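Data first, discussion second: the structure below is written as structure tokens.
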Amino acid sequence: MDKWLATEQGILLCAEYSRAEVVAVMRTHLARIRRKLENGGGELPELGSREYTALLRADLLERRRGSLRRVINATGIVIHTNLGRAPLAAEAIEAMQEAASGYSNLEYDLTAVSRGSRNRHAEELLCALTGAEAALVVNNCAAAVLLGLRVIAGGGEVVVSRGELIEIGGSFRMPDVIAESGATMIEVGTTNRTTLHDYAAAVTANTRALLASHPSNYRIVGFVAQATLKELEALARERGLVLIQDLGSGSLVRLEGSALAAEPAVAESVASGVDLVTFSGDKLLGGPQAGIVVGRADLVARLKRHPMARAVRIDKLSLAALTATLRLYLPPNDPKQKIPVLKMATADRTALGRRAARFVKRLAALDNLQARIVDDVGYAGGGSLPMSELPTRAIRLEVRGMSAAELAARLRAATPPIIARISKDYVTLDLRTVLPNETAELAAAIRHALS
Ligand SMILES: *Cc1c(COP(=O)(O)O)cnc(C)c1O
């Protein structure tokens, strides 16, 4: 390697890129050669050959492109955590761009000419949309839950139902989050049944809070019981406790008439008397990654003052995107038209079927390809709402002489990569999650995959 780096080609390439990058890529080549020596098989071009320099240059370029890329989500899973959750509305992207390109009054009060709080930009909107007295925005919902528990119940006890000890993907486990907050978890009830009496019997002089969690990614069915928010609110009032609810996806509107009609809206929790409600910015709200706490003004004020709030504060770009997204919930806007995740999640089967038929027509000229429109289901969320099935009309692709796994791999190798679903041994595309301006790229990727 040293010898090659000292050649004219090596010196040129180290000037074009950096020596560190060239060495890093060459190391991956050496590892490939070693693997091949061990297992037999193909060869890399000879070091020093023109072919080798071309390969090195191509790999260096690829490395420079970075690993975080746009992909086309053809899975039909709207809030796909692995694919970056919510795509933003045009208004939110514009607000982000404006905040990014210059200075802003992020923490500067233009009328008082003094330090302002970054939180105030979102707080009024959140209060208007949820009916809460106060709101705080942090980095994500996990941080909101941790901060809330730490401030309200740290050093004391928090009572939680055994049926609601949730785990959200990515190592968010409620018992661990409670332990990290410094509160002691008091589990009550059983997996399938927890009554108000179970909570009441567990309250001691050290109890600070009752914690309810929305089981967004599982259901307990059959012989079940769970104390209602109203009952918990009454108990919290009577015993001087704080009622906290982790809603997770936290829709700001009821999605009547859609498969998500049962998802509770944040305002309903606030109206039920929950003292602090936590939810995500990038799930059903349809905004950027953020964690939101809404609720009683005195409690939110305590959260704002805690040093941990500073450590988990939201950045200006997310804040700009969040406030712009929240404004799309105000009249005369129709959030179901303006906010991409709501538009996708509420798109109806018939309309998706028509769009699929138009798309299949574009593919008609391809030999070897059979594209059929079939009844299928998508989901509101991958890690977050896998229980909410969305009936859909999907496109089932079959290529003569090519396995579904091979076709899916070729689509993933496209630019931009296409992420499809394999169901019943077929590659299936659900246009629900394909943005209108991505349709042409999707068709081109399929054409290319077959060539
Ligand atoms: C998704 C979710 C979280 C975590 O939210 P992030 O914004 O990903 O940190 C917490 N609680 C519930 C109930 C959730 O669904």
Side-chain angles (χ1 to χ4, degrees), residues 77-88 122 126 135-150 152-153 158 160-181 183 185 209-220 226 229 232 243-252 255 260 262-266 268-270 274 276-295 303 308-309 311-315 317-319 321-322 325-326 341 345 379-388:
I77 299 169
V78 179
I79 300 164
H80 199 308
T81 299
N82 298 354
L83 301 185
R85 293 198 183 157
L88 297 178
L126 284 164
L136 173 64
V137 181
V138 293
N139 180 58
N140 59 14
C141 184
V145 175
L146 185 59
L147 176 66
L149 287 169
R150 161 120 222 139
I152 303 299
V158 55
V160 52
S161 159
R162 288 196 170 92
E164 294 184 346
L165 291 174
I166 58 173
E167 171 172 336
I168 307 297
S171 73
F172 179 99
R173 292 179 134 193
M174 198 50 98
D176 298 342
V177 175
I178 294 173
E180 277 308 311
S181 78
M185 174 173 71
L210 308 177
L211 174 65
S213 308
H214 181 52
S216 25
N217 55 3
Y218 66 98
R219 294 275 180 277
I220 297 173
Q226 175 59 48
L229 283 179
L232 294 178
L243 175 58
I244 304 174
Q245 185 189 25
D246 178 24
L247 256 187
S249 71
S251 186
L252 287 181
L255 298 166
L260 290 170
E263 268 305 304
V266 179
E268 293 165 44
S269 293
V270 173
V274 178
L276 291 175
V277 186
T278 56
F279 54 101
S280 285
D282 54 358
K283 290 185 183 169
L284 277 178
L285 193 152
Q289 180 185 306
I292 298 160
V293 192
V294 299
L303 265 60
M308 191 189 278
V312 298
R313 78 179 179 189
I314 189 166
D315 85 291
L317 301 186
S318 304
L319 189 61
L322 180 66
T325 307
L326 293 173
V341 294
Y379 296 90
S384 48
L385 295 153
M387 305 302 299
S388 312

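Values in this document were obtained by computation on a predicted structure and should not be read as measured data. One-based numbering along the sequence shown. In listed order, ligands and their atoms are each counted from 1.
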Exercise. Could you tell me which residues satisfy side-chain hydrogen bond (donor to acceptor under 3.5 Å, both in side chains) with T325, sequence neighbours excluded, listed by chain and number?
Key: none
Exercise. Quick one: list whatever passes side-chain hydrogen bond (donor to acceptor under 3.5 Å, both in side chains) with S161, sequence neighbours left out.
Key: T194, Q226
Quiz item: Is the CZ atom of R173 crowded by more than 12 outside heavy atoms at less than 6.0 Å?
Solution: no
Exercise. Could you tell me whether the side chains of S269 and Q245 share a donor-acceptor contact shorter than 3.5 Å?
Key: yes
Practice problem: Could you tell me whether Q245 approaches ligand 1 through its side chain, its backbone, both or neither, with non-hydrogen atoms closer than 4.0 Å? | Solution: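 For Q245, there is no contact with ligand 1 at all, from either part.
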Quiz item: Between N217 and ligand 1, which residue portion shows a heavy-atom distance shorter than 4.0 Å: side chain, backbone, both, or neither?
Solution: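 The answer is neither.
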Numbered atoms of ligand 1 (with element) below 4.0 Å of [X], judged on heavy atoms:
X: S280; value: 5 (O), 6 (P), 7 (O)
X: F172; value: 10 (C), 11 (N)
X: K283; value: 1 (C), 2 (C), 3 (C), 5 (O), 14 (C), 15 (O)
X: I166; value: 13 (C)

Does an N or O from [X], backbone or side chain, lie closer than 3.5 Å to an N or O of ligand 1?
X: D282; answer: no
X: G248; answer: no
X: H214; answer: no
X: C141; answer: yes

Which heavy-atom pair separates [X] from [Y] by the least distance, and what is that distance?
X: V274; Y: I244; answer: CG1-C, 4.2 Å
X: I292; Y: G281; answer: CD1-CA, 4.4 Å
X: G287; Y: L88; answer: C-CD2, 3.3 Å
X: G163; Y: Y218; answer: O-OH, 2.6 Å
X: A209; Y: A153; answer: CB-CB, 4.4 Å

Tell me whether ligand 1 is touched by [X] - counting only heavy atoms on the residue side and a distance under 4.0 Å.
X: M174; answer: no
X: R85; answer: yes
X: V145; answer: no

